[in-house]
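In what follows, a single structure is set out as C-alpha cells and then discussed.
Quick note: residue numbers are just sequence positions, from 1. Every number for a ligand or one of its atoms is a count from 1 in the order of the listing. Note that this is a predicted model, so its numbers are computed, not measured.
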Amino acid sequence: MAVQVKTILILGGTGDARALAERLDARGDLEVITSLAGRTRTPALPPGEIRVGGFGGVDGLVDYIELSGIDLVVDATHPFAAGMSRNAFQACAQSETPLLRLERPPWREGEDDQWRMVPDVQKAASALPRGGRALVTVGRQELAPFAARSDVAVIARMIEAPDTRLPENVLVILDRPPFTYADERALMIEQKITVLVCKNSGGVATQAKLTAARDLKIPVLMVARPELPEVQSVTTAEELEALLVRGFNV
Ligand code: NAP
C-alpha cells in the first residue's frame, strides 16, 4: 500500500528527531508533531507542534494516533529508548498506521580501539576495575549501579543533574553535546581517567570521546544496543524526507 502523509508524529528526544522536525516543518506541506517524554527540564525544542509526557502505554498511543489523525509515526527516539520503540511498534500495528524508524548507525570498533562490549549498564558497572577512575556517560537515569561501586571513582557526565544525592565517589560534570576532541582529551587527562563507559549511541555529536580514549589508550566498556522490533529504517533526516517525497509502501 502506498502511503499518503499529511500529519506526522515524531517520537523524539534526540538531536536527529529535532533535525527531522526542522526539515519537515520547513516544507510547509506537512503537519509535524514532536512527542517528548518530558525527562529533560529544559529540552531544545524543535519547530512544529510539541506534546510532552508518556502516552499511557500502547493503548494510550493508539488513542492518540487515532484522535490526532496521525498518518505516519516516525520513531526517532534514542536507540536505547527500547520501551518507547516497542510500544510504537505495537500501537502502529494495532491502529494500522505506518511506522518508520530514524536511527543512526552504531559505532564500530576500530583497529586501535580497546572496547569490551557489555549487554547492559549493570554489567558495565560490575566490570569496572577496582580502584579505577571511570568516565561514565550513560545519562543520569542509569547512574545508580556505578554510584554503588564505592571502590571506583566515577566521573559522571550528563546534561542535567540527578534528582537524588550521590555518594562521595561520584563527581558530576554537567555538559551538553556536541563535544570536541580537544575537550574530551583534556577532560580524560585532567581527571586521570582509566576507563570510559558509554552506550553505543552512534552519531558524531558524542563520538569524540571514543577517539580521545583510543589515542590515550583508555579502554572502553561499550554497552550494546537493545534488540528492537524490525521496522523499515533510515539513518538520516534527509533520507526520511526523500522517502516521503518519493512515496513508500508498508
Ligand atoms: P523508554 O524507557 O523507552 O520509555 C519509557 C516510557 O517513557 C515509554 O513507555 C513512554 O511512556 C515514555 N516515553 C519515552 N519516550 C517518549 C517520547 N518520545 N514521547 C512520549 N513518551 C515517551 O524511554 P527512555 O529510555 O527513558 O527515554 C526517554 C526519552 O529520552 C526518549 O524520548 C529518548 O529518545 C530520550 N533519550 C534517551 C536516551 C537513553 O539512553 N535511553 C538517551 C538520550 C535521549 P508511555 O508508556 O506512558 O507512553
Next on the checklist: Would Thr14 count as being in polar contact with ligand 1, using the rule that some N or O on each side must be under 3.5 angstrom apart?
Outcome noted: no
Checklist entry - What do you reckon, does Phe55 have a nitrogen or oxygen under 3.5 Å from a nitrogen or oxygen of ligand 1? => result yes
Checklist entry - Judged by non-hydrogen atoms, does Gly53 sit under 4.0 Å from ligand 1? => result yes
Checklist outcome for this item: In ligand 1, the atoms that come under 4.0 Å of a heavy atom of Arg51 are 20 (C)
Item to check | Identity and distance of the protein heavy atom lying nearest atom 7 (O) of ligand 1 | outcome: Arg39 NH2, 3.1 Å
Checklist entry - What residue and atom, counting heavy atoms only, is the protein's closest point to atom 27 (O) of ligand 1, and at what distance? => result Ala81 CB, 3.8 Å
Item to check | Closest approach of any protein heavy atom to atom 18 (N) of ligand 1, naming residue and atom | outcome: Ser35 O, 3.0 Å
Next on the checklist: Can you tell me if Gly139 contacts ligand 1 (heavy atom of the residue under 4.0 Å from the ligand)?
Outcome noted: no
Checklist entry - Given Gly12, Gly57, Gly38, Gly54, which one has a non-hydrogen atom that is nearest to atom 46 (O) of ligand 1? => result Gly57
Checklist entry - What is the closest protein heavy atom to atom 36 (N) of ligand 1, and at what distance does it sit? => result His78 CB, 3.6 Å
Checklist entry - At their closest point, which heavy atom of Leu99 faces which heavy atom of Phe89, and how far apart are they? => result CD2-CA, 3.7 Å
Next on the checklist: For Gly60, state whether at least one heavy atom is located under 4.0 Å from any atom of ligand 1.
Outcome noted: no
Next on the checklist: Starting from atom 8 (C) of ligand 1, what is the nearest protein heavy atom, named by residue and atom, and what distance separates them?
Outcome noted: Met84 SD, 4.1 Å
Checklist entry - Could Arg176 and Phe179 be counted as a cation-pi pair, given that NZ or CZ must be under 6.0 Å from the ring centre and within 45° of the axis? => result no
Next on the checklist: Under 4.0 Å from atom 30 (O) of ligand 1, can you find at least one protein heavy atom?
Outcome noted: no
Checklist entry - Which heavy atom of the protein is the closest neighbour of atom 44 (C) of ligand 1, given with residue, atom name and distance? => result Gly13 O, 3.3 Å
Item to check | Any side-chain donor near an acceptor of the partner, Arg133 and Gln191, under 3.5 Å | outcome: yes
